[in-house]
Amino acid sequence: MRIREAVDTAVMAGDIRRIIFDFSHVGFMDSSGIGTIMGRYKLMQAVGGSVGAFGISNQLDKIISMSGIKKIITIYQNEQDAARGVS
């Protein structure tokens, strides 16, 4: 998947310690999307970083809650809060 490769390459090439996913235009997520988030979470844990997200619809909120993702990443109210690191 291209997003996995792009994020992994950027993390390994630079000094990136924080990944923020923008879900404001995402209406559906399946196991592939959950796997992508989990993989990036594990990568960031390995380098001492963190993962967050914003723009989560009610439908996506249910999916990420059931998958357990909501317990391990920071959920931000909006892009501005995510940029400031304020949850």
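FYI, side chains are in, hydrogens and waters are out, and symmetry mates aren't considered; it's all heavy atoms of this structure.
Between the CE atom in M44 and the NZ atom in K42 there is a gap of 15.0 Å [rounded to 0.5 Å]. Rounded to the nearest 0.5 Å, atoms CG (D8) and CG (L43) are 5.0 Å apart. If you take OG on S24 and CD on E79, they are separated by 7.5 Å, rounding to the nearest 0.5 Å. Taking CD1 of I37 as the start and CZ of F21 as the end, the distance is 6.0 Å to the nearest 0.5 Å.
Between the side chain of R17 and the backbone N or O of V47 there is at least one donor-acceptor pair closer than 3.5 Å.
Shortest non-hydrogen contact noted between I73 and V51 is CB-O, 3.3 Å.
Hydrophobic cluster membership is shared by M12 and M38, with clusters built from Ile, Leu, Val, Met, Phe, Trp and Tyr side chains linked at under 4.5 angstrom.
With a 4.5 Å cut-off on side-chain heavy atoms, Q45 and I72 do not count as touching. Considering only heavy atoms from C-beta on, M29 comes within 4.5 Å of F23 through its side chain.
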Under the side-chain contact (heavy atoms from CB on, under 4.5 Å) criterion, do F54 and I20 qualify, and how do the steps go? CA-CA 8 Å; F54 69 93; I20 305 294; 3.6 Å; yes
Output side-chain donor-acceptor pairs under 3.5 Å for residues 57-64, partner residues at least two apart or in another chain, one line each.
{"residue": "S57", "atom": "OG", "partner": "L60", "partner atom": "N", "Å": "3.2"}
{"residue": "D61", "atom": "OD1", "partner": "K70", "partner atom": "NZ", "Å": "2.6"}
{"residue": "D61", "atom": "OD2", "partner": "K70", "partner atom": "NZ", "Å": "3.3"}

